> 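Would you mind keeping the following structure in view while I ask a few things?
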Amino acid sequence: MAALPATDHLRERARAALARCGVEHLDESAGGGHDARTPITGGTLFQLAPSSAADVDSAVSTARSAFSDVWRDTPAPERGRLVRRLGELLREHKSDLADLVSIEAGKIGSEAAGEVQEMIDICDFAVGLSRQLYGRTMASERPGHRLMETWHPLGVVGVVTAFNFPVAVWSWNTAVALVCGDTVVWKPSELAPLTALACHGLLMRAAADVGAPQEVHRVVLGGREAGERLVDDERVALLSATGSVRMGREVGPRVAARLGRCLLELGGNNAAIVAPSADMDLALQGVAFGAAGTAGQRCTTQRRLIVHEDVADEFTERVVEAYGKLGERIGDPFAEETLVGPLIGEKAHRSMDEALRTAADSGGRLLTGGTRRLASEAPDAYYVDPAVVRMPRQEDVVRRETFAPILYVLTYRTFEEALELHNGVPQGLSGSVFTRDQREAERFLSSAGCDCGIANVNIGTSGAEIGGAFGGEKATGGGRESGSDSWRAYMRRATNTVNYSAELPLAQGVSFL
Ligand code: NAD
């Protein structure tokens, strides 16, 4: 592996990017602080002061006042001007934000830039949406009556995000929430506070530029305690939380206990089926990016390959060969040739090791990968060779999401068997089939087919566009964000009946008085 950059160099690069995004001073505490680290070297960049309970409360109060005093009554197209300006600033600062994403999440250059592009795209989408928050008009059964739906802002949206998409997920929520008339309090991952401060800085600049109140958005820093304060705060009308299934199992019941609204975007365990008729070159590309891209740290990462037994040996061999080539391109995410960056940290590496051991104990055969590449200058960085493991059955370890690059290979004989394996996991985020058989493709997309929120044909499991609704079923939480009509989750619906007649007929023919 080529030499890694020094932590000091990354610190200065992060400081410069932050300053350009309007974050001149970091609230660095002398001790007991919250480490902002980089997985590139495993080194500490800054020690930031975490938000106290009082800070979180005050952020919610501020956002709540901005909502009720100004924002909910600001016309939606006018709210769209703020998001349009944000989109312009994101374009201007695309490389600054991409630098911060690489530094904090370890993403390679093109993926980091792609994540920022996703923010720009959702801003464009939300600006259009600001003139399209349509309600319906229904036929009333009563003469001289009009029946319609109107949509209204909800209030404060609490946004809790995961480390692996440190900025895109925030933007899906925030761009849409802001045009819907909500205000936002964001608790980013404790592993990615810098990207959050930079985004907040740009949004504050956008607000100043268009004369919108800066209080429409607040950031609070810290780990689960800060998240829990938002979860339990009755003034948070919608809690949108992205992260592990474990986190969702804690957050969901707590928000439900106060009868709040919750939008959960949780872990996946995504599979691609490769049928004998598939275009194998295309399937190979889709599987390699889906399984090894982002070092296996996407919620949509392909974790299972379900391949027909007639082509299993040959296709798996090709995957292993492709992984061999990837092996030459693991390392510093800033290096042009790198395709696989680091794992986020020691815990991720430990869970990868454990999963590989458990898989071997359950009869799995490691075909390639799994070894750590130790960089002598950065002993706290975790670079690994993506692993491929052939499994005799879909054992428990395969049914769990291990957030690291492990691809389990399973084989099938009939398409129904493939679907059963595909759906035989607790999670339901993303699935795909590679086939040239139209019957199989349509069967996969039918109601008895893939049970995920995202179901693809002849493309891999990862790399969604913002125009569609994003999210998954079963243990993935059921939430939908980003495009299509996901905006409805950020608003409340009122059904209005207007009587413009001189009579007062009751519905269903009821008579009274
Ligand atoms: P995580 O669950 O450890 O943390 C996610 C966020 O939740 C963090 O901000 C964390 O501080 C907060 N949190 C944790 N416990 C909490 C609690 N009890 N109350 C309130 N907040 C709490 O996840 P991670 O390791 O940062 O991210 C990886 C996971 O996220 C993977 O499982 C991945 O599949 C999932 N993910 C899902 C999506 C999606 O859209 N479905 C997108 C990205 C990541």
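Note that this is a predicted model, so its numbers are computed, not measured. Indexing begins at 1, ligand by ligand and atom by atom, following the structure's order.
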> Might you work through the salt bridge (Lys or Arg N to Asp or Glu O under 4.0 Å) test for Glu215 and Arg64, ending with a clear yes or no?
CA-CA 9 Å; Glu215 293 74 16; Arg64 175 70 213 178; over 6 Å; no
> Among all protein heavy atoms in this structure, tell me which lies nearest to atom 28 (C) of ligand 1, with the distance rounded to 0.1 Å.
Phe403 CE2, 3.7 Å
> Quick test: of every protein heavy atom, which one is nearest to atom 43 (C) of ligand 1, and how far off is it to 0.1 Å?
Asn164 OD1, 3.2 Å
> For atom 13 (N) of ligand 1, grab the closest protein heavy atom and report residue, atom and distance to one decimal in Å.
Met247 CG, 3.6 Å
> Answer yes or no: is there a donor N or O on one side and an acceptor on the other, between the side chain of Ser351 and the main chain of Ala348, under 3.5 Å?
yes
> Suppose we measure from atom 5 (C) of ligand 1 to each protein heavy atom; which comes out shortest, and what is that distance?
Thr242 O, 3.4 Å
> May I ask you to check whether Ser244 has an N/O atom sitting below 3.5 Å from an N/O atom of ligand 1?
yes
> Pairs of nitrogen or oxygen atoms closer than 3.5 Å, one from Cys299 and one from ligand 1: do any exist?
no
> Are any of the N/O atoms in Phe165 less than 3.5 Å from those in ligand 1?
no
> Can you report which non-hydrogen protein atom sits closest to atom 27 (O) of ligand 1, along with the distance?
Ala162 CB, 3.3 Å
> Looking only at protein heavy atoms, which one is nearest to atom 7 (O) of ligand 1, and what is the separation?
Val160 CG1, 3.4 Å
> Taking the cut-offs as 6.0 angstrom to the six-membered ring centre and 45 degrees off its axis, would you call Arg298 and Phe165 a cation-pi pair?
no
> Is any N or O atom of Arg298, backbone or side chain, closer than 3.5 Å to an N or O atom of ligand 1?
no
> Hey, is the main chain of Gly424 close enough, under 3.5 Å, to the side chain of Arg399 for a donor-acceptor pair?
yes
> Output yes when the distance from some N or O of ligand 1 to some N or O of Glu190 is under 3.5 Å, and no in every other case.
yes
> Hey, does the side chain of Thr402 reach the backbone of Ala404 with a donor-acceptor pair shorter than 3.5 angstrom?
no
> Could you tell me whether Glu401 approaches ligand 1 through its side chain, its backbone, both or neither, with non-hydrogen atoms closer than 4.0 Å?
side chain
